[in-house]
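Report on the following structure.
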Amino acid sequence: MGVTTALEWLGSCSGCEIAILNIGEDLVSLITETLNIVHAPILMDHKYFGQCGEGVTLEIPEAVVGIVTGGVNNREHLEVLQEMRKKCKVLLALGTCATHGGIPALMNGQDQLESWEGIFSTVSTDPGAEIPNVEVPPPLDRVYACDEKVKIDMQLPGCPPNPELIGEVIVALAEGRVPVLPGKSVCDTCPTKREGKGMVDKVKRFINNVEFKPGTPIDEMRCLLEQGYMCMGPVTVAGCAKRGGPSCISARVPCRGCFGPVRRDGNQLLDMMNGLVSNGLDFKSVVDRRSVLRFSGAHGRLRPVKKRVARGKVK
Amino acid sequence: MKKVLNIAPVSRIEGHAKIAIHLDDDGNVENTFLHIQSLRGFEKFIEGRPAEEVPRIVNRICGICPWMHHLASNKAVDGAFGVTPTPTGHKLREMCQVMAHINDKILHFFFLAAPDFVLGPDADYSVRNIMGMVKAAPELAKQVVKMRQLGQMMLDKFAGKAIHPVAGVVGGFAKPMAEEERKELLQGTQTLLDFGCYALDFAINNVFAKYMDIIGDLGAIKTGFLGMVDREDGSLRLYDGKLRLMKSDGSFVDFEGNEYIDYIGEHVEPWAYSKMVYAKSWNEGFDMALTEPKGIYRVNTLARINVCDKISTPKAQAALETFRNSFGRPAQQTLLYHYARLIELIYSCERTIELLEWEGITGQNVRAKVEPKAGRGVGVVEAPRGTLIHDYTTDENGCISGANLIVGTTHNIAPMNMSVKQAASTFIKDGVYSEGVLNQVEMAVRAYDP
C-alpha cells in the first residue's frame with residue numbers, strides 16, 4: 001500500500017493539478033502504487049462534511065503527505081489549509097500561488113472593496129447587483145502565500161511547476177528523503193548567447209518578435225535581455241527548463257518570473273531593476289514596474305497605491 | 001425536521017463549488033443551490049498593465065483551458081491596437097487552441113466523468129475515480145493516460161508551455177513552425193484522431209447504450225443554446241466565427257462577438273460569486289423555474305453541437321448525423337454533453353490535421369507590426385466550457401483602462417442550478433437518500449464540465 005496522501009487546492013486555477021497529470025508514463029504507478037490518495041477534490045469524491053453532507057465540521061482524512069496548491073484568498077481557503085496542516089505530517093506547497101501568492105496576489109495592489117464593487121457593476125451586469133454574501137466564503141484582507149498562514153515543510157514553485165520536479169518531490173517525500181531541486185537562476189539554465197553589454201539603452205515592450213533564425217536551436221539566439229527585452233531570468237529561480245532550455249525562452253518569448261525569486265525571500269522587482277542597470281538599460285523605461293512582482297505579490301510585497309489627496313479639498 | 005445536505009466540495013470538476021440541498025419537514029427538496037465559492041478579481045488587477053502582457057496574465061484564470069484565455073485575450077488586444085494578425089500567425093493560434101481542446105476532452109471524459117459510468121454511480125467513493133479505473137480497466141486507463149500526455153507534450157514542445165502558454169502574441173505568434181515540427185505534430189495528431197474515433201465507439205457501446213434511461217432523465221431541463229459557427233456556412237467553429245443564440249424551439253439569431261452586450265446580460269444572486277449570464281435580447285428577464293425558465297440558455301459541447309448547421313470535417317460530420325438522428329436538434333438531455341464532447345474531440349483532431357496540411361502553416365511571417373494605442377477590442381473563442389469573451393479598453397500608452405470578462409462556465413451557472421434542482425427533486429423523496437443518489441446529483445453538474 002502506498003503512502004497516504006491528501007491533495008487540496010485553494011485560490012487556484014488547476015494548472016498545478018494538470019502539471020501533476022503531465023508527469024507522464026510514471027503517473028499511473030505514482031497515483032496507484034507509490035501514493036494512496038485519500039482526499040483530492042479534482043480526482044476523487046471524498047467530502048468535507050461526510051459522504052451524505054450531514055456533518056457540520058470540515059474534515060479531511062489523516063495523511064502522511066499533504067499537497068496544497070493555490071494561495072489563501074478567503075476564509076474557506078484558510079479553514080481548508082489549517083485542516084490540511086492538522087491532518088498531514090508533511091505539507092508541500094505546490095506552485096507559485098501556494099509558495100509566493102502568484103498571479104491572484106496582483107489583487108494585493110488594488111483596493112479590494114472598490115475592485116469588487118467594480119466587478120459587480122460592469123457594462124454587462126444587471127444594474128443594482130450587490131457583492132454576494134450569502135453562504136459564500138468572505139474574502140481575507142489580502143491574498144496570502146501558504147507559509148504566511150501555516151508552517152510549510154517544503155516548497156515547489158512554478159506556474160505551473162515542472163512535472164519532472166513534481167515527480168521528484170513526491171517520490172522523495174514518499175521515500176522520506178530530501179528532493180534534489182535546482183537552486184540557481186533561470187539564466188544558469190539558459191543556453192542563449194551572451195556577448196556582454198546590451199545593444200540598446202531602453203527596455204523594449206514585447207510588441208515585436210525577438211531576433212532569431214527560425215529553425216535554429218536557442219543556443220544560437222542572443223540573450224533576450226541583451227536584445228533589450230525585459231527578461232526576468234536573472235532574478236527568477238530555475239526549474240522550468242525542459243528540452244535544453246527555459247520554457248518561455250525556448251518559445252522565443254522573454255521570461256516573466258513565474259517561478260518566483262531566486263532566494264525565497266528575494267525581491268524580484270528590486271533585483272530586476274539592479275539587473276537592468278548593470279546591463280546598461282534604463283529601468284525607468286519599464287512601462288509598468290509594479291507588475292514585475294506579478295508572481296511574488298504576497299509576502300507583503302505588493303500593496304495598493306496610496307491615493308493622492310488633492311490639497312485644499314475637505315470631505 | 002428541516003435539514004441541509006452540504007455536498008462539498010463538488011468533486012471531479014475543474015473549479016470550486018458546493019451544492020446545498022435544503023429538505024423540508026417531510027424530507028423532500030425545498031430548494032437547492034450551487035454555490036460558486038471563489039472570486040479572484042482578474043478584471044480589476046489587469047487594469048494598468050501593458051495590454052500586450054495581459055495574454056500572459058489572464059491565462060492563469062484556468063489551468064485546464066489556459067490556451068482559451070490566452071488567445072481570447074490576444075484577439076482582444078489585436079482589436080484594441082487595431083492589428084490584423086498575419087494569416088500564418090492566425091492559423092498557428094487556431095491550431096494550438098484546437099489542439100488544446102483535444103487534451104481537455106480526453107481529461108474530462110475519461111479522468112473526471114467516466115468513473116461514474118465505468119465503475120457505476122453507486123460504486124464506493126474510494127474506487128469511483130481514475131485510480132479505480134486503473135484497477136478495473138487497466139488497458140483502457142493506460143491508453144487514456146498515454147493519449148492525454150501525447151497531446152499535452154506535442155503542444156508543450158512546439159509552443160514552449162502547454163499550461164499557461166506564452167507563444168500567442170498580439171499580432172500573431174512568437175515563432176514560426178519548422179517543417180520537422182509540422183511532420184511530428186501531424187503524426188501525433190493522426191494517432192489522437194484514431195483514439196478519438198475509438199473513444200466515441202467505446203462510449204456509444206459501453207456508456208450511452210447502458211445508461212440510456214439515466215441520460216434521458218438525469219438533470220434534464222429545456223433551454224436555449226449559444227455557440228460559435230462559421231460566418232459563411234454555419235459549421236462548427238472553435239477559434240473564430242460569429243455567435244449563434246438559439247431558442248429551445250430551434251429558432252436563432254446570429255451576431256458578432258463585439259455586439260455581445262446587446263444580446264446577453266449578467267444576473268447576480270447573493271449566494272454565488274459567479275454571475276449568471278442570460279439572454280437579455282429575449283426580453284423575458286431571468287428566471288430559473290424548471291417548468292418555464294426565462295432567459296436561460298446553455299453553452300459548451302452540447303450547445304455547439306446544437307447550434308451548428310454542420311461540421312466541416314468528415315468523421316465528425318458523420319458522428320453528428322448519427323447523433324441528430326437519435327436525439328434531434330436541439331437535443332436537450334444534459335448527459336448528452338458527454339456525447340457531444342466526443343464528437344468535438346474528433347472534430348478537434350481533424351481540424352488540427354487540416355491546419356497542419358495548410359500550405360502556409362510553416363510560413364515565416366508570423367507576427368504583424370504592432371503599435372500600442374488607445375482603443376477597444378473584443379476577443380471571443382469557444383473554450384471547452386463555453387463561449388469565452390474578453391473585452392478590453394486601452395489608453396494612449398496601450399495599457400488596459402477597462403476590462404470585462406465573461407468566461408465559459410458562467411453561462412452555464414443558471415442551467416447547472418436548474419439541473420441540480422431537477423436531479424435532487426427526482427431522486428430524494430420523503431427523507432430517503434444515499435451516497436449514490438447524491439453522486440447522481442453531482443453527475444448532473446459534472447456533465448457541464450464546469
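On a predicted model such as this, the values are computed, not experimentally measured, just so you know. Protein chains get the first letters and strands the later ones, always in sequence-line order, with residue 1 at the start of each. Side-chain atoms are counted along with the backbone in the values below, which use heavy atoms only and exclude waters and symmetry mates.
- Contacts between B:Glu269 and chain A at a heavy-atom distance below 4.5 Å involve the backbone alone (N, CA, C, O).
- For B:Phe33, no part lies under 4.5 angstrom from a heavy atom of chain A.
- To the nearest 0.5 Å, the span separating CD1 on A:Ile42 from CZ on B:Arg12 amounts to 11.5 Å.
- Using modelled atom types, one side-chain atom of A:Ser14 and one backbone atom of B:Glu14 make a donor-acceptor pair closer than 3.5 Å.
- Counting heavy-atom pairs under 4.5 Å between each of A:Gln112, A:Met107, A:Arg252, A:His77 and chain B puts A:Met107 at the top.
- Heavy atoms closer than 4.5 Å to chain A are found in the backbone of B:Ile13, but not in its side chain.
- Looking at heavy atoms from C-beta onward, A:Glu130 lies out of side-chain contact with B:Val268 at the 4.5 angstrom threshold.
- B:Pro372 is listed as a side-chain neighbour of A:Ile207, based on a closest heavy-atom distance under 4.5 Å.
- For A:Pro61, no part lies under 4.5 angstrom from a heavy atom of chain B.
- If you measure heavy-atom distances from B:Glu435 to chain A, the contacts under 4.5 Å come from both the backbone and the side chain.
- The pair B:Glu53-A:Arg294 counts as a salt bridge, with a side-chain nitrogen and a carboxylate oxygen less than 4.0 angstrom apart.
- When heavy atoms are compared at a cutoff of 4.5 Å, B:Asp156 approaches chain A by way of both its backbone and its side chain.
- Contact count against chain A (heavy-atom pairs under 4.5 Å) is highest for B:Lys157 among B:Lys146, B:Met177, B:Lys157, B:Lys3.
- Figure legend: cation-pi geometry between A:Lys47 and B:Tyr125 absent, as NZ or CZ is not positioned both under 6.0 Å from the six-membered ring centre and within 45° of its axis.
- In terms of non-hydrogen atom pairs under 4.5 Å with chain B, the most contact-rich of A:Gly71, A:Gly24, A:Gly118, A:Gly215 is A:Gly24.
- The environment of CZ in B:Arg376 is crowded: more than 12 heavy-atom neighbours from other residues, nucleotides or ligands sit within 6.0 Å.
- For A:Ile23, the part lying under 4.5 angstrom from a heavy atom of chain B is the backbone only.
- Side-chain atoms of A:Asp288 and B:Cys399, non-hydrogen and from C-beta on, never get closer than 4.5 Å to each other.
- Within the 4.5 angstrom heavy-atom criterion, atoms from both the backbone and the side chain of B:Gln37 approach chain A.
- Ranking A:Ser124, A:Pro41, A:Ser291 against chain B, the residue ahead of the rest is A:Ser124, based on heavy-atom pairs under 4.5 Å.
- At a 4.5 Å heavy-atom cutoff, the contact between B:Leu39 and chain A is made by backbone and side-chain atoms alike.
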Query - side-chain contact (heavy atoms from CB on, under 4.5 Å) between A:Met44 and B:Ser11, worked out - result: CA-CA 6 Å; A:Met44 76 186 296; B:Ser11 44; over 6 Å; no
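- Note on B:Asp391, B:Leu405, B:Val134: by heavy-atom pairs under 4.5 Å with chain A, the leading option is B:Val134.
- Side-chain contact check for A:Cys159 versus B:Arg60: some heavy-atom pair is nearer than 4.5 Å.
- Of the atoms belonging to B:Leu107, it is side-chain heavy atoms, and not backbone ones, that fall under 4.5 Å from chain A.
- The residue among B:Gly265, B:Cys62, B:Ala178 with the most heavy atom pairs within less than 4.5 Å of chain A is B:Cys62.
- Side chain of A:Asn209 to main chain of B:Ala174: a donor-acceptor pair is present (N/O by atom type, distance under 3.5 Å, no hydrogens or angles).
- Dense packing is recorded around CD of A:Glu117, with more than 12 heavy atoms of other residues, nucleotides or ligands lying under 6.0 Å away.
- B:Val10 touches chain A through its backbone: at least one of N, CA, C or O sits under 4.5 Å from a heavy atom, while the side chain does not.
- At a threshold of 4.0 Å, the pair B:Glu52-A:Arg205 counts as salt-bridged, since one of the basic side-chain nitrogens sits closer than that to a carboxylate oxygen.
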Report task. Any chance you could lay out the side-chain contact (heavy atoms from CB on, under 4.5 Å) test for B:Phe45 and A:Ser115, step after step, and finish with the verdict? Result -> CA-CA 8 Å; B:Phe45 62 62; A:Ser115 298; over 6 Å; no
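- For A:Gln51, the CD atom counts as densely surrounded, since its 6.0 Å shell holds more than 12 non-hydrogen atoms of other residues, nucleotides or ligands.
- For the pair A:Asp45/B:Asn439, a side-chain contact is recorded, criterion being any heavy-atom separation below 4.5 Å from C-beta on.
- Between A:Thr32 and B:Lys135, the shortest heavy-atom distance links the atoms O-NZ, 4.5 Å.
- With respect to chain A, the highest number of heavy-atom pairs below 4.5 Å among B:Phe173, B:Trp271, B:Tyr273 belongs to B:Tyr273.
- Within 6.0 Å of the CD atom in A:Glu220, the count of heavy atoms belonging to other residues, nucleotides or ligands exceeds 12.
- With chain B as partner, the option from A:Thr125, A:Asn74, A:Ile18, A:Asn22 having the largest number of non-hydrogen pairs under 4.5 angstrom is A:Asn22.
- Salt-bridge formation is not detected for the pair B:Lys44/A:Glu114: no Lys NZ or Arg NE/NH1/NH2 atom is positioned less than 4.0 Å from an Asp or Glu carboxylate oxygen.
- Looking at B:Phe158, there are no atoms closer than 4.5 Å to chain A (heavy atoms on both sides), in backbone or side chain.
- Considering NZ of B:Lys18 and CZ of A:Phe49, their distance stands at 6.5 Å, rounded to 0.5 Å.
- Checking side-chain atoms of B:Arg40 against main-chain N and O of A:Ile103 turns up no donor-acceptor pair under 3.5 Å.
- Side-chain contact between A:Cys258 and B:His164: absent, with no pair of heavy atoms (C-beta onward) separated by less than 4.5 Å.
- Heavy-atom pairs under 4.5 Å with chain A peak, among B:Lys275, B:Lys175, B:Glu180, at B:Lys275.
- The environment of CZ in A:Arg303 is sparse: at most 12 heavy-atom neighbours from other residues, nucleotides or ligands sit within 6.0 Å.
- If you measure heavy-atom distances from A:Leu27 to chain B, the contacts under 4.5 Å come from the side chain alone.
- Contact of B:Ile64 with chain A is made through backbone and side chain together, with heavy-atom distances under 4.5 Å.
- Side chain to side chain, A:Asn73 and B:Ser38 fail the donor-acceptor criterion of an N or O pair below 3.5 Å.
- If you take CD1 on B:Ile46 and CG on A:Leu106, they are separated by 10.5 Å, rounding to the nearest 0.5 Å.
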Query - Residues A:Cys52, B:Leu438; criterion side-chain contact (heavy atoms from CB on, under 4.5 Å); working and verdict - result: CA-CA 7 Å; A:Cys52 284; B:Leu438 297 180; 4.0 Å; yes
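- Most heavy-atom pairs under 4.5 Å with chain B: of the set A:Ile31, A:Val143, A:Val287, this distinction falls to A:Ile31.
- Electrostatic pairing of B:Lys280 and A:Asp126 does not count as a salt bridge here, judged by no charged N lying under 4.0 Å from a carboxylate O.
- With a 6.0 Å cutoff to the six-membered ring centre and a 45° limit on the axis angle, B:Arg56 does not count as a cation-pi contact of A:Phe295.
- For B:His16, the part lying under 4.5 angstrom from a heavy atom of chain A is the side chain only.
- From B:Phe111, atom CZ reaches atom CG of A:Leu21 across 5.5 Å, with rounding to the nearest 0.5 Å.
- Within the 4.5 angstrom heavy-atom criterion, no atom of B:Val127 approaches chain A.
- Per-residue heavy-atom pair counts under 4.5 Å with chain B were compared for A:Gly11, A:Cys97, A:Ser250, A:Ser12, and the maximum is reached by A:Ser12.
- Annotation: maximal heavy-atom pairing with chain A below 4.5 Å, among B:Glu442, B:Glu371, B:Glu179, occurs at B:Glu442.
- Interface remark: B:Pro66 contributes no atoms to any contact with chain A (heavy atom separation under 4.5 Å).
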